[in-house]
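Right, one structure below, let's go through it.
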Number of protein chains: 2
Amino acid sequence: MSSNWVDIRDEIRRRVLERELLPGAKLPNDQELAEEFKCSRTTVQRAMLDLAQSGTVDRRRKGGTTITLHPITRTTFDIPITRLEIEAAGNDYSYFLVSREILVSPPRVASSFGLAEPTEMLRVTALHMANKQPYIFEDRWIAHETTPEILDVDLSRESANEWLIRNRPYSDCEVRFLAKRATRQEAELLASDVDEALFVMERTTWINGAPITMVRAIAKPGYQLVAKAN
Amino acid sequence: MSSNWVDIRDEIRRRVLERELLPGAKLPNDQELAEEFKCSRTTVQRAMLDLAQSGTVDRRRKGGTTITLHPITRTTFDIPITRLEIEAAGNDYSYFLVSREILVSPPRVASSFGLAEPTEMLRVTALHMANKQPYIFEDRWIAHETTPEILDVDLSRESANEWLIRNRPYSDCEVRFLAKRATRQEAELLASDVDEALFVMERTTWINGAPITMVRAIAKPGYQLVAKAN
DNA sequence: AGAAATATTATGTGCATGCTTAAAAACTTT
DNA sequence: AAAGTTTTTAAGCATGCACATAATATTTCT
C-alpha cells in the first residue's frame, strides 16, 4: 500500500497533467504528503527533489512547494566526442587535419574567453568524416599558454578534440548553439553549397578561470541535434 | 572534520580535474568513501547521485562507481515562453498572428508526430517581437482532434504558445535544434536577407501518445542559445 | 506607525540502520 | 567447454529521527 518515490513523483505529475494541480498551486507540505502516501518524509523529499530538478515544481523553505508558474521546456543534451557519435551510428570514422598555425586570436575568440587582449593561440581546423563523407568541421582555438603540451601532439593522427578531452579536463564550459552561413571554405569541406545554413555547436572551456579551448563544431547540412525533454 | 555531500562531490570533481582519477578509474565503494570522509553512507550516496546525474561518474549495481570513460558535455537548456524571455531581457513584447488555417499536414509534420497518415490540422503562424523588432517566427501545427478547444481561441490576442502551455500539458516532448535557410516569407517577417542562416528550435509534444502540437520557433538572424555546462 | 527582534514553519541535510535488487563471480551440470 | 544455477557483492531504496537554515509571520520596541 505504501509508495516508493517514483510512484509519488508520477502521481504528482499525473495531477499536473490532469489539471488537478494548476500552475502556481501550492502542494501540501512534505509531512502531509508523507501521510497521504503512507511513507516517510524522506521518501517524499526524494520525489520532490526529482520534480524540482525537472522544473515541475518550485520548492522554497517556509514557502512550501508550488507547481511551477511558468512551465518551461527543460532539455538535456549530451554532446559526445565526434568519433564516438559517428561510430555509435554504425559508421566508419575518419579524420584529417586541415590546418595548424599559431595566430593572434581575433576579437570574437578573445571575447568569448573573456579576455580583453588578443592573445597568441594555436588554431587548428580539422574535418571529421562518417563513411568518408564530411560530417563535422572543427574550427578550434587552443590557449597554448595554458596547455603547452598540445604543441608536441601530432594532430594529424589524433584529433585535438580527443586529446584535450582526455588530457585537459575543464572546470567550466559554456555552450552556444547557432546557425551560420557556409563560407566558401566550409562549403568546400562539407560538400555543401555556399550560403547553405549550417548548424554550429560552440564550446568554450576554462580551468579555474584560465582559458583552455574554444571550438566551433560546424555540422554538415541537414544535421539536427535531438533530445527528449522531461 | 566531517563533510557534507557538496564537499564530497567537489572533492571527487577535484580529483578528476587534477587527474588523480582518470576516465575509467574505479572509485572505492560507498562504505569506504564514507569512512574516508567521516560521514555516513547516505551522504556519500547523495554526492554520488549528483555526480551520476551530471555524467561525471557511472554507477552500476555490483559494478561499483567508475569515472565516466568517455566524457561528454552535458548541457541543460531551459526553453521559456517567448514572451517571458523577451520581457526578462527588459524588452517590450508584442505579438501578431500571421495566418490561421486548417490544412492537411505535410509528410514532414506527420512523420514528426509518428503518424503514418497525413491528418487535418490547424496551422498557425505568428511573429513574436521585442521592442517592435522581429524576434521569433513561430510556425505551428496543432492536432485539433486532440485539442478541439483551440479552434475557439482568439489567436490574434493570445499566442497559441501560451494558450497551449497553460491549457494542454504534455507527457512527452521531443526537441530538435537545426539551421535552415530563410525562405522569402521568413526573410520578410524577420527582417533578414533571403538565404540568411536561421536557428530553429523545433518541439513536438504528445499527451499519452496522442499528438498535441509541433512548433518551429525560427529565430531572428544572429540568435544564439547559450548555456553553461556542468 | 514603522523598524527591529523573535518565533514559527517548511524544506534541506545528515545519521544509523536494514532490506532490496541487479549483476558479477563462483560453482555446478550437461 | 558451454550452459545453467547459486552465491556474493555493491549500489539502490526506504525508514525514523534530529538538527540546520531560510523565509515568513508575529511580537516587541521605539
Side-chain angles (χ1 to χ4, degrees), chain A residues 1-16 20-72 74 76, chain B residues 1-16 21-71 74 76:
Chain A
M1 197 72 264
S2 84
S3 317
N4 64 24
W5 73 267
V6 176
D7 292 339
I8 297 173
R9 180 197 63 186
D10 290 348
E11 172 59 15
I12 300 297
R13 274 225 260 264
R14 190 196 62 76
R15 289 180 194 175
V16 173
E20 291 167 25
L21 288 170
L22 297 173
K26 189 169 176 186
L27 267 71
N29 69 34
D30 289 11
Q31 183 55 56
E32 291 169 299
L33 286 172
E35 283 158 28
E36 177 186 339
F37 289 106
K38 301 196 203 320
C39 64
S40 76
R41 196 166 78 79
T42 317
T43 305
V44 172
Q45 159 76 24
R46 181 71 187 79
M48 291 300 154
L49 179 67
D50 192 85
L51 289 166
Q53 282 178 342
S54 72
T56 308
V57 301
D58 284 324
R59 270 164 85 79
R60 286 166 58 202
R61 285 176 166 162
K62 167 80 185 177
T65 308
T66 54
I67 303 298
T68 305
L69 194 55
H70 300 296
I72 44 150
R74 180 164 296 170
T76 303
Chain B
M1 197 70 263
S2 84
S3 317
N4 63 23
W5 74 265
V6 177
D7 292 340
I8 297 173
R9 180 196 64 187
D10 290 349
E11 172 59 15
I12 299 296
R13 274 224 260 264
R14 190 195 63 75
R15 290 180 193 176
V16 173
L21 288 170
L22 296 174
K26 188 168 177 188
L27 268 72
N29 70 33
D30 289 12
Q31 182 57 54
E32 291 168 298
L33 286 172
E35 281 159 28
E36 178 187 340
F37 289 107
K38 299 197 205 317
C39 65
S40 79
R41 208 162 68 75
T42 317
T43 305
V44 173
Q45 156 77 22
R46 182 73 187 79
M48 291 299 153
L49 178 68
D50 192 85
L51 288 166
Q53 281 178 344
S54 72
T56 307
V57 301
D58 283 325
R59 304 194 89 196
R60 287 165 57 205
R61 283 182 168 170
K62 166 78 187 177
T65 307
T66 53
I67 304 298
T68 305
L69 194 55
H70 300 296
R74 179 164 296 171
T76 303

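Order of the sequence lines fixes the chain letters, A, B, ..., with proteins taken first and strands second; residue numbering starts at 1 for each chain.
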Quick one: on DNA chain C, does A/Leu27 or B/Ser40 contact a more 5' nucleotide (nearest heavy atom)?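 By nearest-heavy-atom nucleotide position, the 5'-most residue is A/Leu27.
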
A/Asp10 and side-chain contact (heavy atoms from CB on, under 4.5 Å): which partner among A/Val6, A/Ile12, A/Ile8?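 That would be A/Val6.
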
Students often get this wrong, so: under 4.0 angstrom with heavy atoms, is [X] touching a base, only sugar-phosphate, or nothing?
X: A/Gly64; result: sugar-phosphate
X: A/Gln45; result: base
X: A/Thr42; result: base

Gap between atoms [atom1] and [atom2], on [X] and [N] respectively (whole Å):
X: B/Glu32; N: D/dT9; atom1: CD; atom2: C1'; result: 12 Å
X: A/Leu33; N: C/dT9; atom1: CG; atom2: C1'; result: 15 Å
X: A/Leu49; N: D/dC13; atom1: CG; atom2: C1'; result: 14 Å
X: A/Arg41; N: D/dG16; atom1: CZ; atom2: P; result: 12 Å
X: B/Asp50; N: C/dT13; atom1: CG; atom2: P; result: 10 Å
X: B/Trp5; N: D/dA20; atom1: CH2; atom2: C1'; result: 16 Å
X: A/Asp58; N: D/dA22; atom1: CG; atom2: C1'; result: 16 Å
X: B/Met48; N: D/dC13; atom1: CE; atom2: P; result: 15 Å

Is the base of C/dG12 touched by the side chain of A/Arg60 through a donor-acceptor pair closer than 3.5 angstrom?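 In this structure, the two groups form no donor-acceptor pair.
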
Between the base of C/dG12 and the side chain of B/Arg46, is there a donor and acceptor pair under 3.5 angstrom?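 Check fails, no donor-acceptor contact within cut-off.
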
Please tell me which of the listed nucleotides, D/dC13, C/dT13, D/dT24, lies nearest to the side chain of A/Lys62?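 Given the options D/dC13, C/dT13, D/dT24, the side chain of A/Lys62 is closest to D/dT24.
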
Please tell me which of B/Gln31 and A/Val44 maps to the more 5' nucleotide of DNA chain D, matching each residue to the nucleotide holding its nearest heavy atom.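 Result: B/Gln31.
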
If you assign B/Thr65 and A/Arg61 each to the DNA chain D nucleotide with the nearest heavy atom, which residue ends up on the more 5' nucleotide?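 Here B/Thr65 is the residue nearer the 5' end.
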
Taking 4.0 Å as the cut-off, does a side-chain nitrogen or oxygen of A/Arg59 come that near to OP1 or OP2 on C/dG12?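 Answer yes for this pair, as a side-chain N or O of A/Arg59 is under 4.0 Å from OP1 or OP2.
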
Please state whether the phosphate of D/dC13, meaning OP1 or OP2, lies under 4.0 angstrom from any side-chain nitrogen or oxygen of A/Thr43.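 The answer is no; no side-chain N or O of A/Thr43 sits under 4.0 Å from OP1 or OP2.
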
Could A/Glu36 and A/Arg15 be called an ion pair, given the rule that one side-chain N must be under 4.0 Å from one carboxylate O?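 So A/Glu36 pairs with A/Arg15 through a salt bridge.
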
Ionic contact status for A/Arg59 with A/Asp30, cut-off 4.0 Å: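 The answer is yes: the pair qualifies as a salt bridge.
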
Can you sort out the partners of A/Arg14 under side-chain contact (heavy atoms from CB on, under 4.5 Å), two or more places apart, ordered by chain and number?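 For A/Arg14, the residues satisfying side-chain contact (heavy atoms from CB on, under 4.5 Å) (neighbours in sequence not counted) are A/Glu11, A/Glu18, A/Glu20.
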
Any pair with a residue in residues 40-49 of chain B that passes salt bridge (charged side-chain N to carboxylate O under 4.0 Å, His left out), sequence neighbours left out, goes on the list, sorted by first then second residue, please.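 Listed once each, the pairs would be none.
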
